[in-house]
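Okay, structure first, notes after.
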Number of protein chains: 4
Amino acid sequence: MTKREAILAAATMLFARQGYKGAAVSEIAEQANVAQGTIFHHFKSKENLLISICDDLVQSYIAGIREAASGPGSGWEALERVLKFNEKFSSDHHDSITVVFRETRDLSRSPGQINEHFCGLVNQIIDVKTQCIEKGIKDGSIRPVPAQLTALLVHFLLIGKFHVETEGLLEVPEMNAEFLEFCRRSLAAQAPSAVLDEDKCGG
Amino acid sequence: MTKREAILAAATMLFARQGYKGAAVSEIAEQANVAQGTIFHHFKSKENLLISICDDLVQSYIAGIREAASGPGSGWEALERVLKFNEKFSSDHHDSITVVFRETRDLSRSPGQINEHFCGLVNQIIDVKTQCIEKGIKDGSIRPVPAQLTALLVHFLLIGKFHVETEGLLEVPEMNAEFLEFCRRSLAAQAPSAVLDEDKCGG
Amino acid sequence: MTKREAILAAATMLFARQGYKGAAVSEIAEQANVAQGTIFHHFKSKENLLISICDDLVQSYIAGIREAASGPGSGWEALERVLKFNEKFSSDHHDSITVVFRETRDLSRSPGQINEHFCGLVNQIIDVKTQCIEKGIKDGSIRPVPAQLTALLVHFLLIGKFHVETEGLLEVPEMNAEFLEFCRRSLAAQAPSAVLDEDKCGG
Amino acid sequence: MTKREAILAAATMLFARQGYKGAAVSEIAEQANVAQGTIFHHFKSKENLLISICDDLVQSYIAGIREAASGPGSGWEALERVLKFNEKFSSDHHDSITVVFRETRDLSRSPGQINEHFCGLVNQIIDVKTQCIEKGIKDGSIRPVPAQLTALLVHFLLIGKFHVETEGLLEVPEMNAEFLEFCRRSLAAQAPSAVLDEDKCGG
DNA sequence: GATGAATGAGTTTTCATTCAT
DNA sequence: TATGAATGAAAACTCATTCAT
């Protein structure tokens, strides 16, 4: 592990636990086993360090859901893969994601490009989900819902879940199956229960 | 407006915009048109000021959803009222809610009682929703789903929506109708969506 | 002596001896017997402290030469009073003047108003001298020289003397009489020696 | 241009603009297109770099006025050549001279030899001027003035002019002729000014 | 000779809090 | 109740210098 990587790791952990403002650069340096100056040698400022962490994570998330969305099968199946990828990604990058969620608000206030940069990335995330839903509507695997609004709603679910989980006020049990089922009932055209419904009105 | 109220209002606004750590007591004093010392007269410390804001808000939220949940009609109707109350509450207390969401994480780390206090409050919120769903399952207005997990999922949706809206990275359009519909399709038994389904197959 | 005055005195002494950059705020605080924070309570920044010192001094210098220039008698006598005032002022405010001369260059680079502010003050100083010379030319006490350029030359002499004296590389003996004589020979129309000259060509 | 020269050039420019303390070694390195380490290879320390600049300049100045002073003609003519050389030297070495003037004060405080070294150099400068004046008094081209004090006064004029010009607070017009004339009126015996006087009275 | 990563002491500045009035 | 001057610990950041390559 290079010093640069050690710094990123230490900062990620401390930002996640104590927040950006709550984690002193001196703490990060100590945790990473480097001198304070070394941090400013690699990242010109504390804020830059935060941006690096956020940027790295968002980029890799986007790459991941792109790949998940682009696989074979129906639109609903693509969306399911995206949701499952999301779950795995969450547990693999727990700290970095916490950082991004905690500090996005301050990042979005900072001047100029950074704000726009992150806006662009988040919009890409919504776009991928929207495309899955549109595809699903076309191929009949998803009900005829407003695609973009629905993508937003799914996004809310994911964001909300993560916030609640990392907040630490509520004990959140394992619930992936139920999570998927909740979405499926609302979105999928031919869910098991829908089959029963159709049976009932018997075409 | 008393000085105490002016301080609370100023602090709420500044904590929402700049975060708890990012808002200096001197700024709050200036914004509230009082001397710094006055703040420490009314609230013993800066943290106390934050706790006041959070506590006031959470208490009034709980009272609100309790009332919404306790009205007449089916469980689904009660849940619908809770969701609508939530929407109105969100727009009425935008800044205070932002504060609570931004700072919950740090409150939950602070020692002893505060943590437990807020845990208790949040659990009450989940409980109200769970009870609506249980009631709905009994009276047939809601599908037979695991009540508590489903209450959590609805909670995720609400939390996620608020986070995304206040983050400022994504333009969130008005979508209350779609929000309700999304939940209804997933939760409500037969009736509304079934009607549509019946229309389709019964043409 | 108020704390504010103690800070100004300590800063003046240290800026004079070690330069603006060379004098740490912590040193100033120690010397003034106040806490570091107190300095930032009274002057918002270190630079502000410097500006206060410079401004106070330049203002009082301008008031002084204005008074000296406005007395009775010929233009040359007014100029002589200005030069004598200058001498006294130099020894009375040795440290502050050193600060102004050492740091003017950086002040003149700082943005916006400060630069223009000090430009205005220095121009006023030149103006007073120019007016003395113009008056002297009119009343016949000073030779017909270009008034403004000559004011500048006298200014150079004063500035140069002060720089050399405070630099500490050269031992500068008491030389006020010679200083005045040097100017008088160059400027005064009816200097003793000029009288002799005129006698010589005896109309 | 060797790397050593590039470093000297960059340092001279930056020291002149920002002062010795205000110019970081990293800035100099960047400006000179070398690595930071290279600077410490050629000059053992930052202070050494400053001393190099100052020393080079002062040496070449002394050589220049020595040559100017040693030419043929009267003492006044020698002094005139010295003043003219000074003028040309000022415009040729604007930045280095600014550095010397800005930082002399700190050099003169630094311990031991450096102080004495520069004292010696400056005294040599005064000596050359004194010798011109002494020679002029002997050969009748300069009035019978106290030679050393007068040399100092001429020195003040030169130093003052350069400080005011480089300070940037005052617009200094071209004024070489007037500068010489100012000195001539004060110092030169009879001749030129006497001619004018004679013209006037002898009309 | 040349490099640039690494250092840690030192700098200015911020800020919650106290307390005499 | 209200004030605001005073504090000092802690923060982010700078920078001359060293040294392994």
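Only heavy atoms go into these numbers, but all of them, side chains included; no hydrogens, no water, no symmetry mates. Per chain, numbering begins at 1; letters A, B, ... match sequence-line order.
Relative to the side chain of B:Ala35, the nucleotides E:dA2, F:dT3, F:dT7 differ in distance, and F:dT3 lies closest. Checked against F:dA6, F:dT1, E:dA2, the side chain of B:His41 finds its nearest nucleotide in F:dT1. Across F:dT7, F:dA2, F:dT17, the shortest atom-to-atom separation from the side chain of D:Gln36 is found for F:dT17.
Taking 4.5 Å as the limit, every side-chain heavy atom of B:Ile159 sits out of range of all side-chain heavy atoms of A:Ile159. By the 4.5 Å heavy-atom criterion applied to side chains, B:Leu57 and B:Thr12 are not counted as neighbours. Residues A:Val25 and A:Phe40 form a side-chain contact, since some pair of their non-hydrogen atoms from C-beta on lies under 4.5 Å apart. Considering only heavy atoms from C-beta on, C:Ile28 comes within 4.5 Å of C:Leu49 through its side chain. A heavy-atom distance below 4.5 Å is found between the side chains of B:Gln18 and B:Glu27. With a 4.5 Å cut-off on side-chain heavy atoms, B:Met13 and B:Arg17 count as touching. Using a 4.5 Å cut-off on side-chain heavy atoms (C-beta onward), D:Leu121 and D:Tyr61 make no contact. No side-chain heavy atom of A:His42 sits under 4.5 Å from any side-chain heavy atom of A:Ser52.
Distance NZ (A:Lys44) to C1' (F:dA12): 14 Å, rounded to an integer number of Å. Counting to the nearest Å, the C1' atom of E:dA5 and the CZ atom of A:Phe43 are 13 Å from each other. Atom CD in B:Gln18 sits about 14 Å away from atom P in E:dT14, given to the nearest Å. Taking atom CG of residue A:Leu50 and atom C1' of nucleotide F:dA12, one finds them 14 Å apart after rounding to whole Å. Here E:dT13 presents its P atom at 8 Å from NZ of C:Lys46, a figure rounded to the nearest Å. The distance between atom CG of C:Leu49 and atom P of E:dT11, rounded to the nearest whole Å, is 16 Å. C:Asn48 has its CG atom 14 Å from the C1' atom of E:dT12, to the nearest Å. Straight-line distance from the CD1 atom of A:Ile39 to the C1' atom of E:dG8: 13 Å, rounded to whole Å.
The stretch residues 8-15 of chain C does not touch DNA chain E, since none of its heavy atoms comes less than 4.0 Å from the strand. For residues 21-32 of chain B, proximity to DNA chain E is found at B:Ala23, B:Ala24, B:Val25, defined as any non-hydrogen atom under 4.0 angstrom from a strand atom.
Open room surrounds CD on B:Glu30; 12 or fewer heavy atoms of other groups in view lie less than 6.0 Å from it.
C:His163 and D:Arg105 share a donor-acceptor pair across their side chains, judged by distance under 3.5 Å alone.
Along DNA chain F, the nucleotide nearest B:Asn33 and the nucleotide nearest C:Thr38 are compared for position; the residue whose nucleotide lies closer to the 5' end is B:Asn33.
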I'd like a table of atom pairs between the protein and nucleotides 19-21 of chain E - only N or O on both sides, under 3.5 Å - with the distance next to each one.
none

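Applying the ring-ring contact (aromatic ring centres under 6.0 Å, His included) rule to A:Tyr20 yields the partners A:Phe15; only residues at least two apart in sequence or on another chain are considered. Every side chain to side chain contact (heavy atoms under 4.5 Å, CB included) that A:His94 has, sequence neighbours left out, goes to A:Thr98, A:Phe162, A:Thr166.
Between atom CZ of residue A:Phe101 and atom SG of residue A:Cys54 there is a gap of 10.5 Å, rounded to the nearest 0.5 Å.
Of all heavy-atom pairs between A:Gly19 and A:Glu103, the closest is CA-OE2, 3.5 Å.
The strand DNA chain E forms stems, runs of 3 or more Watson-Crick or G-U wobble pairs with distances below 3.5 Å, at E:2-21 with F:2-21.
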